[in-house]
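This report refers to the structure that appears directly beneath it.
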Amino acid sequence: MTVSQLNQPQRRWVLISALISMLAAVLLFLPATSYAGVNPVVTNITIASSNSGTDNSQVVTATIYFDEDVELALGKDLDDLAAELKAEINAATNITTSTSPKALRVTDVADDYFVVEIYYNSPGMFAIQGANFSLYTLDASEELDSLVAVDDGAKAILLDTDFDDLIIDTGIRVVTLSTTPGTSLVNPSVQGQFTATPQVRGISWFQLLNDGELVSYGWDPVAEEYTYNWPVPATGSFPLHSHTFLTYLDDPGQYVSALKTAVDGSDYFGGATYELTIDPLDDTKFTITKTSGGDGETLTIRFFTYYNQLNP
């Protein structure tokens with residue numbers, strides 16, 4: 001019997017069967033995929049530091065945000081997710097869940113983010129020259145088997161470029177209180193205040209700017225042939241070290257004194273062009289003044305963290 005000899009319902013069934021067979025053949029030869037839907041991608045990262053009063057309690061915490069809500073994949077837990085990650089401090093210290101004592105942990109997955117904590121593992125761990133923090137997938141696949149989209153189960157993606165050489169935020173905070181533009185009678189100045197001290201042993205990068213242009217500290221790690229992978233803001237900035245962070249947890253004035261030494265030094269920040277004075281009533285406050293000239297000029301200050309490293 002030919003197709004033309006079939007009645008209409010029979011012909012319709014033959015056509016449907018043929019379409020199903022063709023679709024099955026197409027699906028058979030499609031490349032296999034390990035996920036469905038659209039992969040969650042990183043949209044933001046925050047870095048914070050903390051301690052509980054001892055060297056061994058230093059913690060650097062990174063929160064990685066995605067463009068949609070994520071959750072642990074079926075049958076996976078926080079340890080499984082941590083086991084997929086590798087952290088690096090300045091591309092010199094590799095940290096995984098097998099690092100002993102344990103230094104990398106995932107502590108939370110909620111809404112559109114997950115949290116990674118890097119624990120103190122060795123003396124000076126966060127104070128390596130340059131002190132950049134990177135986080136990658138351990139197998140270089142850039143896919144996280146343990147973290148998926150809530151909506152459709154697609155695997156989250158952590159690209160090598162998402163979290164690469166970000167400055168560790170030591171916790172130091174400096175705010176600008178006021179600026180006095182220069183005139184023919186008044187030299188330009190800027191007043192600032194240290195409002196928080198470093199929480200880990202690390203490096204913060206101070207910059208002085210005149211009309212938005214960097215007043216170079218006169219130090220270039222590249223020119224000095226350091227082998228470390230320095231962050232971009234290091235060149236021309238003053239590196240404010242916090243090796244004694246535990247001693248001065250409640251004494252930000254100590255960091256003002258260190259900054260004064262740098263600003264007043266004849267070899268730095270344009271020679272003897274600038275000077276720093278400390279407020280006699282509050283040693284957390286300071287004023288930087290251009291000592292000569294400066295009519296129409298405006299001074300500003302800033303400390304670099306991961307945020308303005310990404311958003312200069």
Side-chain angles (χ1 to χ4, degrees), residues 42 44-65 78-79 81-82 85-90 92-97 99-136 158 162-175 192-206 231 233 239-256 258-259 284 302-311:
V42 174
N44 191 30
I45 293 166
T46 62
I47 301 174
S49 301
S50 61
N51 72 80
S52 300
T54 65
D55 250 344
N56 292 344
S57 65
Q58 295 178 72
V59 180
V60 172
T61 301
T63 305
I64 297 91
Y65 294 89
L78 296 177
D79 288 341
L81 178 54
L85 301 171
K86 176 183 72 171
E88 290 182 351
I89 304 297
N90 199 48
T93 303
N94 294 319
I95 303 166
T96 67
T97 53
T99 302
S100 181
K102 191 171 183 178
L104 186 156
R105 304 175 192 175
V106 174
T107 58
D108 192 18
V109 174
D111 300 325
D112 59 346
Y113 65 87
F114 75 97
V115 179
V116 176
E117 292 186 347
I118 305 298
Y119 290 79
Y120 174 92
N121 181 261
S122 62
M125 176 174 170
F126 301 130
I128 295 174
Q129 303 284 12
N132 292 354
F133 181 18
S134 302
L135 189 71
Y136 311 117
L158 179 64
D162 284 336
F163 197 146
D164 185 43
D165 286 336
L166 299 190
I167 297 172
I168 291 176
D169 183 2
T170 64
I172 201 167
R173 291 291 180 269
V174 178
V175 298
Q193 182 178 21
F194 281 71
T195 58
T197 58
Q199 299 300 301
V200 294
R201 180 176 287 106
I203 305 172
S204 302
W205 304 98
F206 173 82
L240 191 62
H241 295 262
S242 54
H243 296 297
T244 52
F245 75 101
L246 288 175
T247 304
Y248 302 123
L249 279 177
D250 300 315
D251 188 6
Q254 291 295 322
Y255 298 98
V256 179
L259 190 58
T284 68
R302 66 178 172 184
F303 265 86
F304 259 89
T305 68
Y306 67 92
Y307 179 77
N308 49 23
Q309 179 189 12
L310 298 177
N311 304 274

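From a predicted model like this one, the values you see are computed outputs, not experimental measurements.
The minimum heavy-atom distance linking Ile118 with Ala87 is given by the pair CD1-CB, 3.7 Å. A pairwise comparison of heavy atoms in Ile172 and Ser204 identifies CG2-OG, 3.2 Å as the closest pair. Counting all heavy atoms, side chain and backbone alike, Gly171 lies closest to Ala196 at O-CB, 3.6 Å. In terms of heavy-atom proximity, Ser52 sits nearest to Ser57 at N-OG, 2.7 Å.
A 4.5 Å side-chain heavy-atom check between Phe303 and Leu240 finds at least one atom pair inside the cut-off. Looking at heavy atoms from C-beta onward, Val109 lies in side-chain contact with Leu78 at the 4.5 angstrom threshold. Side chains of Leu158 and Leu85 form a contact here, defined as non-hydrogen atoms less than 4.5 Å apart. Proximity of Leu259 to Phe194: side-chain heavy atoms (C-beta onward) are separated by under 4.5 Å at one or more points. The side-chain heavy atoms of Phe133 and Ile45, taken from C-beta on, include no pair separated by under 4.5 Å. Within the 4.5 Å cutoff, side-chain heavy atoms of Tyr113 are placed close to those of Asp108. Phe163 has its side chain within reach of Ile47: a pair of non-hydrogen atoms, C-beta onward, lies under 4.5 Å apart. Tyr65 is listed as a side-chain neighbour of Thr46, based on a closest heavy-atom distance under 4.5 Å.
Every residue two or more places apart in sequence or in another chain that forms a side chain to side chain contact (heavy atoms under 4.5 Å, CB included) with Thr284 is listed here: Gln193, Pro252, Asp282.
Of the inter-residue distances, the one linking Thr63 atom OG1 with Glu117 atom CD reads 8.5 Å to the nearest 0.5 angstrom. A distance of 11.5 Å separates CG in Asp112 from CD1 in Ile64, rounded to the nearest 0.5 Å. Distance CZ/Arg201 to OG1/Thr170: 12.5 Å, rounded to 0.5 Å.
A donor-acceptor pair under 3.5 Å is absent between the side-chain atoms of Asn51 and the main chain of Val200, judged by distance alone.
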